[in-house]
Chemist: 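I'd like to ask some things about the structure below.
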Amino acid sequence: MARTHGSKGEVTAAALRGAARTLFARHGFAAVSMRQIAAEIGVQVGTLYVYTSDKQALLFDLLHDHMEWLLEIWPDGGGSPLERLDAFVRFHIVTGLDNADAVFLSYMELRSLSDENFARIAELRRRYEARLEQILIDGQESGAMNVADTRLATRALIAMMNGVTQWFRSEGRLDRERLIAHYIALARGAVGAREGA
């Protein structure tokens, strides 16, 4: 996305990205026009093109920045494979709940990207998912886990955790900590965790 200097430009750029993220997540990329995004932030349509070349570039930037951010902030602090699995589950659920629209777009709007942009985002997703898969590989090699297919297990765990953003409500029967504890138990069960290994 093009960068502009000055506080007004930065505020408009942030508002554009926020509005696009919300509208794409709520209504779908194909159903949202640049005119709707402009109306949402109170600017003329032409103003948007100071900040992005088109709607496709805007979607790509949102997905790219989200995946780069996840890769940057993942705190792989070491520990046993089971401790690292627990940490990954916590990290994925917390960042997902705090950024539900970005998660939704990252997994549901890949189909809306051009082939080139799809390939670039898919590579970032592979890099992120590889962090979880490495934990499973290490767990399998150490005897702490029993995983027949680490790639398949990785995808299944990611899909399971992504679903949380669709149904979890803070006013529901589970608070975040209880939710995370349940999902850690589910993840450990899914990988055949062996506590004493």
Side-chain angles (χ1 to χ4, degrees), residues 17-18 21-22 24-26 28 59 61-111 113 118 120-197:
R17 293 167 65 85
R21 184 182 300 110
T22 299
F24 291 162
R26 298 293 184 270
L59 177 64
D61 283 345
L62 291 172
L63 271 58
H64 178 270
D65 290 354
H66 176 69
M67 293 309 303
E68 286 280 9
W69 174 73
L70 284 176
L71 287 164
E72 181 180 328
I73 68 168
W74 159 239
D76 190 357
S80 72
L82 288 177
E83 289 168 339
R84 289 162 56 212
L85 175 63
D86 295 352
F88 190 95
V89 171
R90 175 177 293 278
F91 172 82
H92 193 87
I93 289 176
V94 168
T95 56
L97 290 175
D98 289 344
N99 302 276
D101 286 346
V103 172
F104 181 83
L105 292 181
S106 292
Y107 285 87
M108 298 306 294
E109 289 296 350
L110 283 174
R111 63 187 177 216
L113 292 172
F118 178 93
R120 293 170 67 188
I121 297 302
E123 174 56 27
L124 290 174
R125 280 183 55 179
R126 279 191 290 273
R127 284 173 52 198
Y128 178 72
E129 292 173 358
R131 305 211 172 162
L132 174 56
E133 186 174 10
Q134 188 60 55
I135 293 169
L136 304 188
I137 291 169
D138 293 345
Q140 179 72 13
E141 290 178 351
S142 70
M145 300 176 192
N146 182 20
V147 186
D149 186 324
T150 56
R151 177 70 57 86
L152 180 60
T154 295
R155 291 179 175 171
L157 289 171
I158 293 283
M160 177 182 78
M161 292 185 287
N162 284 346
V164 171
T165 63
Q166 300 302 305
W167 62 262
F168 178 78
R169 298 294 176 266
S170 57
E171 66 275 10
R173 69 182 183 86
L174 294 174
D175 61 24
R176 280 195 183 197
E177 285 306 311
R178 289 175 63 202
L179 171 75
I180 291 166
H182 280 296
Y183 269 74
I184 285 173
L186 287 169
R188 284 184 169 224
V191 300
R194 297 166 176 160
E195 297 291 343

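Keep in mind that this is a model prediction, so the values were computed, not measured.
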Chemist: Going by the rule salt bridge (charged side-chain N to carboxylate O under 4.0 Å, His left out), which residues pair with Asp98 if we only count those two or more places apart in sequence or in a different chain?
Modeler: Arg176

Chemist: Where the side chain of Arg84 meets the backbone of Gly139, is there a donor-acceptor pair that is under 3.5 Å apart?
Modeler: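 Side chain of Arg84 to backbone of Gly139: no pair is present.
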
Chemist: Please determine whether side-chain contact (heavy atoms from CB on, under 4.5 Å) holds for the pair Asp65 and Arg17, giving the CA-CA distance in whole Å, both sets of side-chain angles, and the decisive distance to 0.1 Å.
Modeler: CA-CA 11 Å; Asp65 290 354; Arg17 293 167 65 85; 2.5 Å; yes

Chemist: How far does CE of Met108 sit from CG of Asp101, to the nearest 0.5 angstrom?
Modeler: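 Going from CE on Met108 over to CG on Asp101, the span is 13.0 Å.
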
Chemist: Roughly how far, to the nearest 0.5 Å, is the CG atom of Leu157 from the CD atom of Glu129?
Modeler: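 Reported value, rounded in 0.5 Å steps: 10.5 Å.
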
Chemist: Give, for atom CZ of Arg188 and atom CG of Leu82, the distance between the pair rounded to the nearest 0.5 Å.
Modeler: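 Arg188 CZ to Leu82 CG: 4.5 Å, rounded to 0.5 Å.
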
Chemist: What is the distance from atom CG of Asn162 to atom OH of Tyr107, rounded to the nearest 0.5 Å?
Modeler: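 Taking CG in Asn162 and OH in Tyr107, the distance rounds to 5.0 Å.
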
Chemist: Is Glu133 reaching over with its side chain to a backbone N or O of Thr154, donor-acceptor style, under 3.5 angstrom?
Modeler: no

Chemist: Is any side-chain heavy atom of Leu124 closer than 4.5 Å to a side-chain heavy atom of Leu63?
Modeler: no

Chemist: What class does the angle between the rings of His92 and Phe88 fall in, given that below 30° is parallel, 30 to 60° is tilted and above 60° is perpendicular?
Modeler: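 Judged by the thresholds at 30° and 60°, the geometry between His92 and Phe88 is parallel.
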
Chemist: Please set out all donor-acceptor pairs under 3.5 angstrom arising from side-chain atoms of residues 66-75, sequence neighbours excluded.
Modeler:
none

Chemist: Could you grab the distance from atom CG of Leu179 to atom CZ of Arg90, nearest 0.5 Å is fine?
Modeler: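 Nearest 0.5 Å value for the CG-CZ distance: 10.0 Å.
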
Chemist: When rounded to the nearest 0.5 angstrom, what distance separates CD1 in Ile135 from CG in Leu85?
Modeler: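 Reported value, rounded in 0.5 Å steps: 6.5 Å.
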
Chemist: Which residue is it: Arg126, Arg120, Arg127? I am looking for the one with a side-chain hydrogen bond (donor to acceptor under 3.5 Å, both in side chains) to Glu123.
Modeler: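 Answer after filtering Arg126, Arg120, Arg127: Arg126.
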
